[in-house]
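Notes for the one structure printed next.
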Amino acid sequence: MIKKRTKDAEGRMPLKEHLREARNRLFIALAALVLTTIAGAFLSGWVLEYLVSTAKHAGASVNYSSAVSPLDIRIKVSLWIGVVLASPVILYQIWAYIVPGLKKKEKRLSLAFIAASIPLFVGGVALGVLVIPHALRFFFGLTVTDSVFMLQMQEFLSFVIRLTLAFGVAMIIPVMMVGLNLIGILPARLILKHWRITVFVIAVFAAVAAPGGDAMSMVILAGPMLILFALATGLCFLFDKRKAKRLAQNEEDLAANADTAQPLQEL
């Protein structure tokens with residue numbers, strides 16, 4: 001159970017409390033992951049059959065490299081399914097730790113963004129699954145005539161996991177940016193100020209997570225991420241403009257009230 005955070009008069013939390021809450025939320029996320037991984041073990045056979053069938057339809061044969069590979073593959077597939085199924089709990093625990101002590105309106109807003117992030121992450125993973133056959137056919141199309149494509153199951157599974165999780169993470173990053181902006185943590189000007197660093201990080205992420213080690217697959221993944229980043233930045237500027245307009249209106253109202261109150265005091 002997560003205890004309510006204790007703060008001092010200035011709203012700060014002791015380091016010990018931060019570490020304790022981080023530990024508790026990590027335990028909750030890990031417990032959810034263990035349970036969903038167990039559930040994933042029952043689904044792993046169906047998922048493996050789908051992946052092997054997809055590879056065969058694309059023109060490849062899938063092989064196991066050793067006698068213990070089937071067990072290792074089952075564990076990895078179960079964990080992969082567990083991460084996807086546990087994503088609602090994991091995302092909520094991360095978000096609740098990052099943005100503590102919110103007002104009632106901000107908490108509702110945070111829950112709305114978590115509710116949006118979960119289907120986006122799962123949808124991104126599903127999109128990655130749909131892309132797998134097309135990615136395989138693309139890479140197989142680069143081979144020479146009469147060549148045979150034999151995939152090692154370990155490498156093929158790593159390819160699938162990296163591709164699907166990369167799509168899932170790419171879908172939720174812009175949502176988290178907009179959410180942090182709406183609660184005042186991430187101003188749009190700060191995002192724009194560090195746009196070069198952001199583009200570099202996106203490029204590195206795409207290079208690591210993209211299917212295959214070629215430049216084309218990196219561009220295929222980095223392109224949508226950059227577009228989503230640009231859209232999220234635009235939304236953040238729009239929200240900041242609205243906030244500034246409301247703040248200016250409040251200041252004008254306060255000034256008008258002060259001017260009205262001054263003649264009454266003189267009377």
Side-chain angles (χ1 to χ4, degrees), residues 1-3 19-56 60 62-99 110-111 113-133 135-136 151-173 175-176 179 205-206 208-212 221 225:
M1 182 178 179
I2 304 296
K3 295 182 179 180
L19 295 176
R20 181 182 293 113
E21 182 174 2
R23 180 199 62 191
N24 293 339
R25 293 196 180 279
L26 179 61
F27 284 163
I28 293 174
L30 288 176
L33 181 59
V34 169
L35 293 176
T36 53
T37 300
I38 293 173
F42 294 96
L43 301 172
S44 60
W46 177 82
V47 172
L48 283 170
E49 289 179 2
Y50 169 79
L51 293 178
V52 172
S53 174
T54 300
K56 286 184 177 180
V62 180
N63 301 295
Y64 290 90
S65 58
S66 66
V68 297
S69 289
L71 176 61
D72 186 33
I73 295 297
R74 287 272 182 167
I75 294 174
K76 288 184 177 180
V77 172
S78 301
L79 182 59
W80 171 45
I81 298 173
V83 170
V84 176
L85 295 180
S87 60
V89 178
I90 295 173
L91 289 173
Y92 176 78
Q93 295 302 323
I94 294 174
W95 187 260
Y97 182 74
I98 293 175
V99 286
S110 297
L111 291 176
F113 273 91
I114 285 296
S117 298
I118 292 169
L120 282 174
F121 176 78
V122 176
V125 172
L127 180 61
V129 173
L130 294 177
V131 168
I132 290 172
L136 290 177
L151 291 174
Q152 294 297 328
M153 194 61 191
Q154 289 275 14
E155 296 177 358
F156 180 43
L157 183 59
S158 297
F159 165 84
V160 170
I161 292 175
R162 286 166 53 190
L163 176 63
T164 53
L165 293 184
F167 271 89
V169 172
M171 292 290 285
I172 64 173
I173 289 177
V175 177
M176 303 300 273
F205 176 81
V208 174
L221 181 57
M225 292 181 67

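Starting from 1, each residue takes its place in the sequence as its number.
The distance from atom CG of L85 to atom OG of S87, rounded to the nearest 0.5 Å, is 7.5 Å. Interatomic distance, S65 OG to Q154 CD, rounded to the nearest 0.5 Å: 5.5 Å. Atom CD of E49 sits about 10.0 Å away from atom OG of S44, to the nearest 0.5 Å. Going from atom CZ of R23 over to atom CD1 of I28 covers 11.0 Å, rounded to the nearest 0.5 Å. Distance check: L120 CG to L91 CG gives 10.5 Å after rounding to the nearest 0.5 Å.
Pairing each heavy atom of Y64 with each of Q152, the nearest pair is C-OE1, 4.0 Å. Summarising the geometry of K76 relative to I161, their closest heavy-atom pair is O-CD1, 4.4 Å, with the distance given to 0.1 Å. Contact record, G128 with L163: O-CD2, 3.6 Å, taken as the closest heavy-atom pair. Taking every heavy atom of both residues into account, V62 and F156 meet most closely at CG2-CD2, 4.4 Å. When every heavy atom of V83 is checked against every heavy atom of L33, the shortest pair comes out as N-CD1, 3.6 Å. Here the shortest heavy-atom pairing between T36 and G82 reads OG1-O, 2.9 Å.
The side-chain heavy atoms of L136 and F159, taken from C-beta on, include a pair separated by under 4.5 Å. Contact check for W80 versus T164: side-chain heavy atoms found under the 4.5 Å cut-off. You'll find the side chain of L26 stays beyond 4.5 Å of the side chain of Q93, heavy atoms only. Proximity of I94 to I90: side-chain heavy atoms (C-beta onward) are separated by under 4.5 Å at one or more points. Between I73 and V77 the shortest side-chain heavy-atom distance falls below 4.5 Å.
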Step by step, would you call L71 with I75 a side chain to side chain contact (heavy atoms under 4.5 Å, CB included)? CA-CA 6 Å; L71 176 61; I75 294 174; 4.2 Å; yes
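Only one option out of V47, T54, L48 pairs with Y50 in a side-chain contact (heavy atoms from CB on, under 4.5 Å); it is T54.
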